[in-house]
Amino acid sequence: MIQPTILEKLEKLPESLQTEVLHYIEFLLEKHTTRPVQEETPKKRRLPGSMKGTFVLPLPDNFDEPLDLTNATARTEYEKKYGYGSLAGKIVISDDFDEPLEDLKDYM
């Protein structure tokens, strides 16, 4: 077999090279010994529609119809409910927009 040939050639090598052969044999043994392989848990894929029915929102019957915000009362109610336009008309930008603010003049 091959073992006597390996041993015969190994005996001809100097001791330092025999040590290298030993290290290489240990490396090969470690590399090729069977280890218990940890199986990775497969990633769960999301399924489209799997959350269907989980969230139920009370939608009005006229949900798809455009909003009627032509009269002032409806617009005001909508703004109160959703905060839309809550600052409309309250912010005024003056002509001296590029000038530093009075409060910050001392810091500049």
Side-chain angles (χ1 to χ4, degrees):
M1 286 208 151
I2 196 167
Q3 288 180 355
T5 309
I6 292 173
L7 291 174
E8 184 181 308
K9 294 192 183 244
L10 186 61
E11 289 176 358
K12 293 181 183 177
L13 291 175
E15 190 173 340
S16 62
L17 291 178
Q18 287 179 3
T19 307
E20 284 189 38
V21 170
L22 175 65
H23 290 192
Y24 184 67
I25 291 171
E26 289 172 349
F27 164 75
L28 289 175
L29 287 172
E30 186 176 325
K31 182 179 175 183
H32 293 287
T33 54
T34 56
R35 295 182 194 167
V37 178
Q38 292 180 345
E39 293 183 21
E40 292 183 23
T41 55
K43 292 184 179 180
K44 294 180 181 178
R45 298 193 56 103
R46 294 185 219 169
L47 298 174
S50 62
M51 298 292 288
K52 187 174 184 178
T54 304
F55 305 102
V56 179
L57 301 174
L59 295 177
D61 294 334
N62 61 352
F63 177 75
D64 292 330
E65 295 176 13
L67 294 174
D68 180 26
L69 299 177
T70 53
N71 64 27
T73 307
R75 181 180 299 271
T76 306
E77 290 300 317
Y78 183 80
E79 290 174 0
K80 283 181 185 177
K81 185 173 183 179
Y82 297 106
Y84 173 77
S86 59
L87 296 177
K90 296 180 181 176
I91 298 176
V92 178
I93 299 176
S94 63
D95 294 336
D96 61 347
F97 183 73
D98 294 328
E99 297 295 320
L101 296 173
E102 291 293 324
D103 298 343
L104 300 176
K105 280 186 179 179
D106 296 336
Y107 299 104
M108 298 181 118

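Heads up: numbering here begins at 1 and tracks the sequence. What you see below is based on every heavy atom in this structure, not just the backbone, and it leaves out hydrogens, waters and symmetry mates.
Cluster annotation: Leu17 is not connected to Ile6 through the hydrophobic network of ILVMFWY side chains, with a link wherever side-chain heavy atoms come within less than 4.5 Å. Residues Leu10 and Leu29 fall within the same hydrophobic cluster, defined by Ile, Leu, Val, Met, Phe, Trp and Tyr side chains chained together at heavy-atom separations under 4.5 Å.
If you take CG on Leu22 and CD on Glu20, they are separated by 11.0 Å, rounding to the nearest 0.5 Å. To the nearest 0.5 angstrom, Ile2 atom CD1 is 10.0 Å from Lys9 atom NZ. Of the inter-residue distances, the one linking Gln18 atom CD with Glu15 atom CD reads 6.5 Å to the nearest 0.5 angstrom.
Under a cut-off of 6.0 angstrom, the local environment of CD in Glu26 is crowded, with over 12 non-hydrogen atoms contributed by other residues, nucleotides or ligands.
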